[in-house]
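The structure appears below as structure tokens.
Only this structure's heavy atoms are used, side chains among them; waters, hydrogens and symmetry mates stay out. So that the names make sense, note that chain A is the first sequence line, chain B the second, and so on, each numbered from 1.
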Amino acid sequence: MDYNFHDIEKKWQKYWEQNKTFKTSEDLTNPKKCYVLDMFPYPSGAGLHVGHPEGYTATDIFSRYKRMKGFNVLHPMGWDAFGLPAEQYAIQTGTHPSITTKNNCDTFRRQIKELGLSYDWDKEINTTDPGYFKWTQWIFIRLYNTWFDEKLQKGRPISELSVAAHLGTEEKIKYINSKRLAYYDNALVWWCPHCCTVCANEEVLNDGTHEKCGNRVERRNLKQWMLRIPLYAERLLKGIDKLDWPEGIKDMQRNWIGRSTGAEVDFKVEGLNINLTVFTTRPDTLFGATYMVIAPEHPLTDSITTKDQKSSVENYIKTSSLKSDLDRTDLAKEKTGVFTGRYAINPVNNKKIPIWVADYVLTGYGTGAIMAVPAHDTRDFEFAEKFNLPILCIQDPDVNDSEQKQRILDGKECWTEDGKYINSSDKVTGVDINGLNKEAGIVRITKWLESKKLGTSKVNYKIRDWLFSRQRYWGEPFPVIHWEDGEVTVMNDDELPLELPQLEKYLPGESGESPLANSEEWLNVVDKNGRKGRRETNTMPQWAGSCWYYLRFIDPKNDKLIFDSEKEKYWMPVDLYIGGAEHAVLHLLYSRFWHKVLFDLGIVSTDEPYQRLFNQGMILAFAYESETGAKVSGDLVEEREGKYSHKESGAELHQIVAKMSKSLKNVVNPDDVTSKYGADSLRLYEMFMGPLDVTKPWDEKGVKGVFGFLGRACRFLTNSENIFTGNEDPEVLKGLHQTIKKVEGDIESLHFNTAISSMMIFLNLATKKGKITTDTAARFTKILSPFAPHLSEEVWQSLGNNKSLAYEPWPDFNEEYLKEDNFNYPVSFNGKTRFNIELPVNLSKEEIIKIVLSDERSRKWIGNSTPSNIIVVPNRIVNIVIKP
RNA sequence: GCCCGGAUGGUGGAAUGGUAGACACGCAGGACUUAAAAUCCUGUGACCAUUACGGUUGUGCGGGUUCAAGUCCCGCUCCGGGUACCA
């Protein structure tokens, strides 16, 4: 039979759909369960690109394999469909985003179905569906009504928060609000003038542009919803250790959380009855503190500044606040600052040191004030050099270069590594760490500070509160009402979902209000006592829906509960989660945070959502440019002996590898690939390109290669002349069992490229032999089926079966067949292989040595000398060492 | 700057410290064909030989450990990703 992939694929896709072949089992008694999840896509108008099927194919292979291994598999797909593009389109055309979204989802669904992915479509979800975002709002209410008990390291219902009895009503509310995980407050936020919305710190790239649109963001002070994710920093950090995730991603999360240990130290301010508290990771360098710096926004700046310095400090604060609008990067590197006129007292030696204001100290981290140790901190060193502040070396550096050592000791170079302390004792205070090293110094100074009540050891985190609102239309509305008397309330669960109003215009307000503010009818509410209120006009960021979607997949149609908790207990955690590394920090961290809150509230049964995570690599594509840099579409390029030229003009072109983009004219559309080679070839090629986690370029020639393999498999296996009943040839049997073993191991470890190559090797062997048994053909078809499911079903049918092979048991391999009688030993002399010799596997080392030495070919290499050593590694190698 | 990856033929890549280059693409030669496509067979790291069933060399660079290094250790170079005044 010819490989008519077009008919075969259509036929089986129809079969699977009609028979609901991949419907998730409702039987929760099978102890073997496997939840296999893809990062669900944002359904863009452009449709699928070849990057999507990479991860989807990987999880599909894994799911199909697990089903054959007898597991209950949950393998769902859905749409992360809130987002800006649909809203921008609505602004331009007036088309409601829900219509655009529906069309895009339809396209994505069709394209995905054409890949033969074994999703249970009955479990499909869409974050924009009120039946879904009802529960997103429900979770928000839970966040709002939860506080974090630091002692228990656990989120608890706000009703369990003890409030001091003497507080007045207003103070009480204020106190409670200060504890809620979700709170509404003024915040200095990043505003994107292009998108007309705020965005999270995490969404601003380090060149000061918005990651979504590439435009420069500005600072604005706005009332916004924030989530207190830093309270969970320690839990989020500790949880990482137990996860089966790529180490690189774990590191990125750890860095993002940014735990650092140190101490808070109080400095007396001369002439004022106040303390200035600093955070430092190096309390051991207190003797080297020669000045202090406070951030411009520090609450004490005003009171510390002396009359004389008042105007220059105020000027400085003004310019530095403007500067953050101008540029966060280049300008900010050049250090600036002014003297406050005031001095502080260094607690270890009672020395007077000047207090400066400088914006290299950040308000949001630590206490917003530092002690500056220029000799042992690069930033302080730069600042001190610029403003001629004293630099006192207090550590004899561990460095060999004597010139460098002298420069450091003279305070002419900064030293941040370890060394023995010098100049670090004081008779009056009694502190002395001279001669100690860093580790011991930190311990001793911290102890001393604590004993004198001058400081405490302290842990700080980089992670900040998460800005959780956007001034957009197409997002989840907050179930929140702001009342005229200033009270803020959340809606009752039974009032959910709060749906979006229909609008005529989707343009956001210029003042930073969302388009929702235009809908009077929706906006204004009155309670039963006639009190007027206004709904929250911000909507939730796109992260909200994806924070918990894996939970809804478990029970997507439940309209009474967020999910049935028996089902949740059964399916959680996600056993395998595959997606792009671009979500390494944000989505995965946010999602873990919500999950932990839900866990603390007893809503979910696991502490972590995603047990095993894997990131697929990006797929790049070749692009071609002319001398002038003009981009040329791939189909106009001719290759000859490694050189590229324009088919029409003949002009010389050069090849580059880059991200797929319209401007580079190198976008590969999966639809084109499936129509030309079929979905099985697309799937196989995506997996055969290389290891799943690396970035790799798309090459159509490679698709031809796997297409050839599938064609050969089809022709060979469906030709009855090649298939016989009887005893299998031992070589074929061995090859088959080797292949089963290899494919099984490779699927478990997600090494799909080598699994495919081993199946190619087997097919080459079978073709060479010309005939295999029905049993062999059946087993081979089974192991091929997760990779090329359409073709495998067809072959399976032609082998005389009338049911889908999706739930056929995975074939076992038999170690007996893998055993070899002989091993072809490479014989090397001084590590260089010279010849091979076939020997029985059970020979003793002595026997092997004897045979090898007596071999004629050995004489040539040994000559007249005597081997000084002979290494025999059974069934691996013989190495004869000859000293010249 | 800091953290994490990576570097292997013309190309994508393979290799528990044990025969480097599996598998595939490409290329070359051959078969089939009037011809092309498709398909099938053979060869294919480089260099030197070519009478060989031959030799030399070879995994970014420089050292080291080892009987044996693509793999382990030390020091670099280049490329990719993340992050950045976080005290």
* Rounded distance in Å - NZ (A/K462) to P (B/C2) -> 14 Å

* Dot-bracket notation for RNA chain B, counting Watson-Crick and G-U pairs under 3.5 Å, with | for partners on another strand -> (((((((..(((.....[....)))((((((.......))))))((((.....))))..(((((..]....))))))))))))....

* Asked: Which part of the nucleic acid, if any, lies within reach of A/I761 when heavy atoms closer than 4.0 Å are counted: base, sugar-phosphate only, or nothing?
  -> sugar-phosphate

* Structure fact -> Sequence neighbours excluded, the answer for side chain to side chain donor-acceptor pair (under 3.5 Å) partners of A/K741 is A/E815

* **Non-neighbouring partners of A/H583 that pass ring pair (Phe, Tyr, Trp, His ring centres under 6.0 Å), sequence neighbours left out** => A/H587

* Asked: For A/S828 and B/U19, is the shortest distance between a side-chain N/O and OP1 or OP2 below 4.0 Å?
  -> no

Are any protein N/O atoms closer than 3.5 Å to N/O atoms in nucleotides 48-56 of chain B? If there are, list each pair with its distance.
unit_1: B/G55; atom_1: OP1; unit_2: A/K860; atom_2: NZ; d: 3.4
unit_1: B/U56; atom_1: OP2; unit_2: A/R834; atom_2: NH1; d: 2.9

* Summary of protein contacts for nucleotides 68-81 of chain B, nucleotide by nucleotide, where a base hit scores B, a sugar-phosphate-only hit scores S (4.0 Å, heavy atoms) -> S-------------

* Go through the structure and list residues passing side chain to side chain contact (heavy atoms under 4.5 Å, CB included) with A/N753, not counting sequence neighbours. => A/P691, A/H751

* Those residues of residues 739-754 of chain A lying under 4.0 Å from RNA chain B by at least one heavy atom -> A/N753, A/T754

* By salt bridge (Lys or Arg N to Asp or Glu O under 4.0 Å), which residues pair with A/K462, not counting sequence neighbours? -> none

* Asked: With a non-hydrogen cut-off below 4.0 angstrom, is A/S758 in contact with a base, only sugar-phosphate, or nothing?
  -> nothing

* To do: May I ask you to say what A/G248 touches in the nucleic acid, namely base, sugar-phosphate or nothing, with a heavy-atom cut-off under 4.0 Å?
  => sugar-phosphate

* Asked: Going by the salt bridge (charged side-chain N to carboxylate O under 4.0 Å, His left out) test, which pairs reach into residues 277-293 of chain A, not counting sequence neighbours?
  -> A/R282-A/D284

Pull out every protein N or O sitting under 3.5 Å from an N or O of nucleotides 40-47 of chain B, one pair per line with the distance.
none

* To do: Using side chain to side chain contact (heavy atoms under 4.5 Å, CB included) as the criterion, list what pairs up with A/W245, not counting sequence neighbours.
  => A/L243, A/I249, A/K250, A/Q253, A/L588, A/R592, A/Y610, A/L613

* **Same-atom distance (P) from B/U8 to B/U71, integer angstrom** => 13 Å

* To do: Check whether any side-chain N or O of A/N764 sits under 4.0 Å from OP1 or OP2 of B/A24, and answer yes or no.
  => yes

* For A/V873, which contact category applies under a 4.0 Å heavy-atom criterion: base, sugar-phosphate, or nothing? -> base

* To do: Could you tell me whether A/F688 contacts a base, only the sugar-phosphate backbone, or nothing, with contacts defined as non-hydrogen atoms closer than 4.0 Å?
  => base

* In whole angstrom, what separates A/N255's CG from B/U83's C1'? -> 7 Å

* Flag this pair as yes if the NZ/CZ of A/K335 is under 6.0 angstrom from the six-membered ring centre of A/F383 and inside a 45 degree cone about the axis; otherwise no. => no

* **side chain to side chain contact (heavy atoms under 4.5 Å, CB included) partners for A/E856, two or more places apart** => A/R859

* Asked: How many angstroms lie between atom CG of A/L853 and atom CD1 of A/I880, to the nearest 0.5 angstrom?
  -> 5.0 Å

